[in-house]
Protein chains: 4
Amino acid sequence: MASRATGGTADAQQGAKRPSQARTPQLERGRARVASLLAAGARVFAEKGYDAATMTQIAAEAGASIGSLYQFFPTKVLLAEALHGEQRVRLAGMLDKLGGDARKLSAADLADRVFAVMAEFLMLHPAYTTLVERRDVDPQRKRESRAQMENRIADLLAQTTPPLPRGRPQVIAVVIIELMKAIVTISTYEEDAMRAAAINELRVMLKTYLRAVCNAIRV
Amino acid sequence: MASRATGGTADAQQGAKRPSQARTPQLERGRARVASLLAAGARVFAEKGYDAATMTQIAAEAGASIGSLYQFFPTKVLLAEALHGEQRVRLAGMLDKLGGDARKLSAADLADRVFAVMAEFLMLHPAYTTLVERRDVDPQRKRESRAQMENRIADLLAQTTPPLPRGRPQVIAVVIIELMKAIVTISTYEEDAMRAAAINELRVMLKTYLRAVCNAIRV
Amino acid sequence: MASRATGGTADAQQGAKRPSQARTPQLERGRARVASLLAAGARVFAEKGYDAATMTQIAAEAGASIGSLYQFFPTKVLLAEALHGEQRVRLAGMLDKLGGDARKLSAADLADRVFAVMAEFLMLHPAYTTLVERRDVDPQRKRESRAQMENRIADLLAQTTPPLPRGRPQVIAVVIIELMKAIVTISTYEEDAMRAAAINELRVMLKTYLRAVCNAIRV
Amino acid sequence: MASRATGGTADAQQGAKRPSQARTPQLERGRARVASLLAAGARVFAEKGYDAATMTQIAAEAGASIGSLYQFFPTKVLLAEALHGEQRVRLAGMLDKLGGDARKLSAADLADRVFAVMAEFLMLHPAYTTLVERRDVDPQRKRESRAQMENRIADLLAQTTPPLPRGRPQVIAVVIIELMKAIVTISTYEEDAMRAAAINELRVMLKTYLRAVCNAIRV
DNA sequence: TATGAATGAGAGTTCATTCAT
DNA sequence: CATGAATGAACTCTCATTCAT
């Protein structure tokens, strides 16, 4: 062929329309494939990290041929993005369920629930942090998707009773998200006792703090 | 990539001595080389991450040939470990300087200082987290070096006045370390205002919490 | 690794400095390698055409490993360009030798010599046309290198005695070059008699024509 | 690429009937399909060249599925051949229309008409040269189809008044065909003025030459 | 027949590591 | 010790072709 990419890179300029989207399957069979490919991707990314995960292994893990994988995800990046997107939607959904109760709760109690939700989510989708932290995404995109998650949490926090001081929900959302990452890290620790203790410590720290913040405004 | 295999010409597993230690230079010239190689490694690891950093680039960045690099660091892993080791020593040194004042301070105030020290250190050595988080180190080693750092901080915390409840210093050390990672992450955010605010928020949260913990035992 | 090209295409944005030049060898050994790689490239490109030629085959033909090939020519395109460049220089050199006699000759006679030179060159470097015609070079470059060759020939034609009419040398240069390509094509015909006859026919046609053009201006 | 291998699932060389002919459609619908597939093929081959053209793109361009394409053209080669065949028939038809006037014309004037006809044809069917020059056709076939075209033109030339010397029509046919290829190449040049000038130059050169040849025999 | 998923050999390319000079 | 060439397994990605529905 006249111009091949890449295997690797080194493409010329021609209008080769390199796809920038995962292909959507038309048939039921295709939908099943996509699902199992995403699942396999999630497993492998979680286990090895983005870089060390190989497309070959992902295909194998999905019981598909490499060609089949590329049929739907024309690029490793695209696969990662599709997976990341899907998981973000899922997490968003779980958080949105908290919306109803938000105004009946104090920030501290809401934080507890958010914590619980996120912990459950991360248990279910251990690839999430790996995907969030990928080094080769352009900062713009990265910022946007971070902002989206932050806003969702900030919105919840803004509704609590008693209310948090102006502007705080946004910052606290950042804090919560970062604490979650810490929890993921800690989850990999091997000493069971310490692991539980440390995770609880983070939870309590946050609660204590939020209570203090609320009290501060009351006076 | 999945930790590239041995490479090179016919290797075989003869008694071929694969060194497991970075070679120590004999001559003065060698010491300078090693220093610039480590510096280059630090720069490249920080910029690209462990996987994407290539030995070739590191050598080039150090103004050395690839052969020269391998003379002193017979393996990418060994280079990373040497670097990591050096940086850990450095951080330990900086923390140890806090030892003298520890017993004159409350846990909250000590935390502030620890924060400051670590922030400075991480500014100087941005490769540190990358090296700490490398996925391909065996958990044993990982746990050990983590423990070492934790103990150092726990020891400091144990000396504060008023004292923290039994057992807490160890857990809180974990918390502090994780918060530092969060700070590193946040440092890469682009919105200046939010970045500063979030970092401060973490600091204040920790202080507030430590104060509460101290008060709790007093009563 | 964080970002891999291609194997294929699909690189991100990072400053991965993908080289755009063939590396120049430093040692004698390297120079020899490069020579044999270029020779192998020439052979394979000539035999199979650019697309069908594989880097693997070229390396094998040169008695080198694939890695060795890529050490000096980081891209198939770069190899082709290096080869093309080298051959253009060679052809230019051969044509320049005609410069001395140009003003002693009529256009028709000069054309004969140019023909002879190019025929010899193309016999020696059968990959030339393949490289010239590569579809994936940007038109800008293509135009430039064509112009260069044209000018060289036009300059020669401009010096003939009697002189050609103004402006004609440039157009005639184009004609000559295209006739050469025709000759290359015809050279692959299998019927010996026809092949020789056709090639001669082209030569005579050109001469006849140039004579007519010269006469036209004389009157 | 080096004419990609068989592909597909376990093939084996059983009595598996690999068709060597494009299937002829039975239904009206089929005929329309075939037409649009051929048209798409022509477009894509012309744009990208044979190697870089993909069956997938051709199918897409025809608004058909890849399966549908293979239904009628079980092989890329077969598609190319079908297309080539069709175009040859078309060109032959256009040339045959000149037959009536051939004996009223001089070779020079006939050449002009042949030129005009071929130029029109190539404008309409830009894939033609690509298909003619395909490197992977066996020389036997190549020679045959070339000969066919040459004969057709030689036959026309043989009828001109005054007649060309014995044997010349055949050689001159070769010359004309090659000149046409040159014109195709030149047509892609970007400098409008030079393009027109060069094309005209070729035309005039041929006429001048043919006139000279005729005169030569007359004497 | 039409559709779209499935297949897998093979291509370009990378990079840790080794070796000759 | 330094240098730079050599090596090759492994990786991402492509595309002709086949097959199930």
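Note that this is a predicted model, so its numbers are computed, not measured. All heavy atoms count here, side chains included; hydrogens, waters and symmetry mates do not. Reminder, nothing fancy here: chain letters follow the sequence lines and each chain counts from 1.
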Heavy atoms under 4.0 Å, any strand shown: does [X] hit a base, just sugar-phosphate, or nothing?
| X | result |
| --- | --- |
| Leu27(A) | sugar-phosphate |
| Gln71(A) | base |
| Ala53(D) | sugar-phosphate |

Rounded to whole Å, please give me the gap between [atom1] in [X] and [atom2] in [N].
| X | N | atom1 | atom2 | value |
| --- | --- | --- | --- | --- |
| Met55(A) | dC11(F) | CE | P | 12 Å |
| Gln57(C) | dG12(E) | CD | C1' | 15 Å |
| Phe72(A) | dT12(F) | CZ | P | 19 Å |
| Tyr50(D) | dC15(F) | OH | P | 13 Å |
| Ile66(D) | dT18(F) | CD1 | P | 11 Å |
| Asp51(A) | dT12(F) | CG | C1' | 13 Å |
| Lys48(A) | dA10(F) | NZ | C1' | 13 Å |
| Phe73(C) | dT14(E) | CZ | C1' | 18 Å |

Next item on the list: Quick one: sort the Tyr128(D) and His84(D) rings into parallel, tilted or perpendicular, breaks at 30° and 60°.
Entry: perpendicular
Item checked: Of Val77(B) and Ala64(D), the one whose closest DNA chain E nucleotide lies more 5' ->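 It is Ala64(D) whose nearest nucleotide is closer to the 5' end.
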Next item on the list: Determine whether more than 12 heavy atoms belonging to other residues, nucleotides or ligands lie under 6.0 Å from atom CZ of Arg31(A).
Entry: yes
Notebook entry, point to check: Are more than 12 heavy atoms from other residues, nucleotides or ligands located less than 6.0 Å from atom CZ of Arg135(D)?
Noted result: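 Check passes, neighbour count above 12.
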Please state whether the phosphate of [N], meaning OP1 or OP2, lies under 4.0 angstrom from any side-chain nitrogen or oxygen of [X].
| X | N | answer |
| --- | --- | --- |
| Arg33(A) | dA6(E) | yes |
| Thr54(D) | dT14(F) | no |
| Tyr70(C) | dT14(E) | no |
| Ser68(B) | dC1(F) | no |

Note to self: Let me spell it out: for each of Thr56(A) and Leu69(C), pick the nucleotide of DNA chain F with the closest heavy atom. Which residue's pick is nearer the 5' end?
What the structure shows: Leu69(C)
Next item on the list: Let me know, please, whether Arg29(C) or Ser65(B) comes out on the 5' side of the other along DNA chain F by nearest nucleotide.
Entry: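 Per heavy-atom nearest nucleotide, the more 5' residue is Ser65(B).
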Note to self: Under 3.5 Å for both donor-acceptor distances, Watson-Crick or wobble: does dA9(E) have a partner, and if so which one?
What the structure shows: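 dA9(E) is paired, partner dT14(F).
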Note to self: Checking base pairs now: Watson-Crick or wobble, both atom distances under 3.5 Å. What partners dT21(E)?
What the structure shows: dA2(F)
Notebook entry, point to check: Are Lys76(C) and Tyr50(C) in a cation-pi setup, meaning NZ or CZ lies under 6.0 angstrom from the ring centre and within 45 degrees of the ring axis?
Noted result: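 Relative to the ring axis of Tyr50(C), which defines the angle, Lys76(C) lies inside both limits.
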Notebook entry, point to check: How many angstroms lie between atom CZ of Phe72(D) and atom CG of Leu79(D), to the nearest 0.5 angstrom?
Noted result: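 Between atom CZ of Phe72(D) and atom CG of Leu79(D) there are 12.5 Å.
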